[in-house]
Amino acid sequence: MALQSPRPTLRSFGTPTWGGLLLLVFSLGWTLPSMAKTADTGRGVTTSWLQRTSQAQQPELIVILPRALQGTEKKACPEGREVHTVDEELVFYEEWELEACVSGALLAEQMDQVNAVPFTHEQLDILKHKLDQLYPQGYPESLIQNLSYFFLEVTPEDIHKWNVTSLETVKSLLKVSEGRKTDPQVAALIARYVAGGGQLDNATLDTLASFPPTYLCSLSPEQLGLVHEDVLREVRPQDLDACRPLQMDVLYHKARIAFRNVSGSMYFARIKLFLGGASTEDLQALIPQNISMDLATFKKLKKEALLPLTIAEVRKLLGPNLEGLKAEEGNSPVRDWISRQRQKDLDSLGLGLRGGIPNGYFVLNLSFREALEGGSHLLGPGSAFIMIPALLLVLILN
Ligand SMILES: *[C@@H]1O[C@H](CO)[C@@H](O)[C@H](O)[C@H]1NC(C)=O
Ligand SMILES: *[C@@H]1O[C@H](CO)[C@@H](O)[C@H](O)[C@H]1NC(C)=O
Ligand SMILES: *[C@@H]1O[C@H](CO)[C@@H](O)[C@H](O)[C@H]1NC(C)=O
Ligand SMILES: *[C@@H]1O[C@H](CO)[C@@H](O)[C@H](O)[C@H]1NC(C)=O
Ligand SMILES: *[C@@H]1O[C@H](CO)[C@@H](O)[C@H](O)[C@H]1NC(C)=O
Ligand SMILES: *[C@@H]1O[C@H](CO)[C@@H](O)[C@H](O)[C@H]1NC(C)=O
């Protein structure tokens with residue numbers, strides 16, 4: 001659950017005094033996510049708006065199970081320190097006191113106050129821990145809609161437990177996330193909302209366009225159709241890892257439009273991330289351009305699109321990268337493509353590829369093999385025996 005930041009955390013500096021802490025923080029040039037404290041008063045006047053409203057450099061989300069919790073869980077709340085309302089006094093509570101004196105229910109009820117008080121990272125960790133204890137199955141939607149800046153404290157794993165049905169909630173959480181490195185959280189939020197049947201409106205899609213497109217594979221094909229073209233120019237390979245074929249189809253078509261003003265090898269460099277949505281005809285159209293497709297791209301092609309390509313076409317498509325086929329011969333979709341080729345023709349490539357149609361045999365209908373591999377369990381155990389004679393129906397050509 002920890003998103004470890006490469007930056008030093010406050011904890012690694014021991015326990016500085018307030019003044020020392022402040023100097024340290026500002027000399028490092030970054031602000032605590034919910035603490036900006038005036039140095040002169042020692043206690044009392046606190047402001048959090050500085051960080052809340054700042055779109056400047058933000059610290060990454062640091063989520064660490066508080067060390068303070070270890071061994072302190074059992075301590076009782078000292079007399080006179082009981083907490084009935086969330087206010088700035090809590091900033092001066094020791095971490096173990098927060099653990100002992102604050103209830104998750106109070107935090108959930110007064111979330112707006114939690115956001116108004118300039119707690120330190122460590123204190124927020126403890127408060128989050130209290131909420132997580134209260135809601136081990138995930139926060140209720142009534143709390144999620146009031147989270148506001150506290151959203152920056154939750155992890156994608158937390159969010160995947162949530163039910164989010166309100167577009168207003170999505171919008172409010174996107175708003176607090178803007179300008180921060182929270183794209184995994186945003187992707188998780190969108191995934192939960194879409195999984196619950198939620199529809200994104202154009203305004204929300206526009207807002208999303210300002211985040212790294214980690215969320216793309218969470219969108220339905222229909223919603224992907226509404227994504228702005230600019231988003232496609234920002235896509236990184238890992239953003240598409242979770243996309244399913246129908247999503248890739250939509251993305252490929254959008255990408256073609258987005259990159260229509262790019263030509264030659266630049267076009268291929270841009271479109272190749274999306275070729276998992278390309279048809280056989282699309283691939284055939286790329287062949288004359290001598291693109292020398294890399295194997296990483298080749299093995300992400302749609303199986304149905306790849307299978308009809310001839311050996312000559314694949315040779316041309318891959319160019320000098322053809323040798324890479326050998327390493328992929330056991331993996332789909334390369335394996336499936338190989339199984340459609342005559343072994344004699346594969347041998348002519350000189351790569352030692354195995355698994356083609358044996359020399360001298362001609363299989364009448366290749367889909368029998370697929371039916372046997374993929375469908376026999378549906379037909380029941382006896383069907384394999386019925387199919388075998390059919391498979392043996394091969395013509396010996398010579
Ligand atoms: C959320 O905030 C609204 C308005 O501040 C409040 O009426 C409501 O009770 C809050 N919900 C929860 C679960 O605290
Ligand atoms: C989410 O909804 C499901 C189905 O209604 C329910 O079983 C589950 O408890 C809900 N989870 C949360 C965290 O509210
Ligand atoms: C949302 O955007 C799509 C595509 O850009 C457009 O066709 C549709 O009319 C827009 N919907 C609204 C409500 O503006
Ligand atoms: C293509 O169009 C986009 C958006 O209009 C622009 O950002 C990009 O620079 C253009 N590319 C080329 C090669 O003209
Ligand atoms: C591709 O290569 C062939 C043969 O080397 C050449 O004739 C053709 O002009 C090339 N096509 C492009 C678009 O570079
Ligand atoms: C092979 O048979 C299946 C049905 O068993 C059929 O759908 C398919 O079109 C046939 N393929 C060819 C190439 O004849």
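Atoms within each ligand, like the ligands themselves, are counted from 1 in listed order. Numbers here simply count residues along the sequence, with the first being 1.
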Can a cation-pi geometry be assigned to Arg81 and Tyr93, taking NZ or CZ under 6.0 Å from the six-membered ring centre and within 45° of the ring axis?
-> yes

Do Leu246 and Leu219 sit in the same hydrophobic cluster, where Ile, Leu, Val, Met, Phe, Trp and Tyr count as joined when their side-chain heavy atoms come under 4.5 Å apart?
-> no

For Gln137, the ligand 2 atoms with a heavy-atom partner under 4.0 Å come out as 13 (C)

Any side-chain heavy atom of Glu222 sitting closer than 4.5 Å to one from Gln199?
-> no

Numbering as shown, the atoms of ligand 2 that approach Gly138 to under 4.0 Å (heavy-atom distance) = 13 (C)

What residue and atom, counting heavy atoms only, is the protein's closest point to atom 13 (C) of ligand 5, and at what distance?
-> Pro288 O, 3.6 Å

Per-atom contact, atom 2 (O) of ligand 2, protein heavy atoms, under 4.0 angstrom | yes

Over 12 non-hydrogen atoms of neighbours within 6.0 angstrom of CD in Glu323 = no

Does an N or O anywhere in Asn290 fall below 3.5 Å from an N or O of ligand 5?
-> yes

Arg315 and Thr310: side chain donor to acceptor below 3.5 Å | no

Region of Lys161 that comes within reach of ligand 2 [heavy atoms, distance under 4.0 Å] | backbone

Side chains of Asp294 and Thr297, donor plus acceptor under 3.5 Å = yes

Protein non-hydrogen atom found under 4.0 Å from atom 9 (O) of ligand 2 = no

Nearest-neighbour protein heavy atom for atom 5 (O) of ligand 2, which is reported as residue plus atom name and distance = Asn163 ND2, 4.7 Å

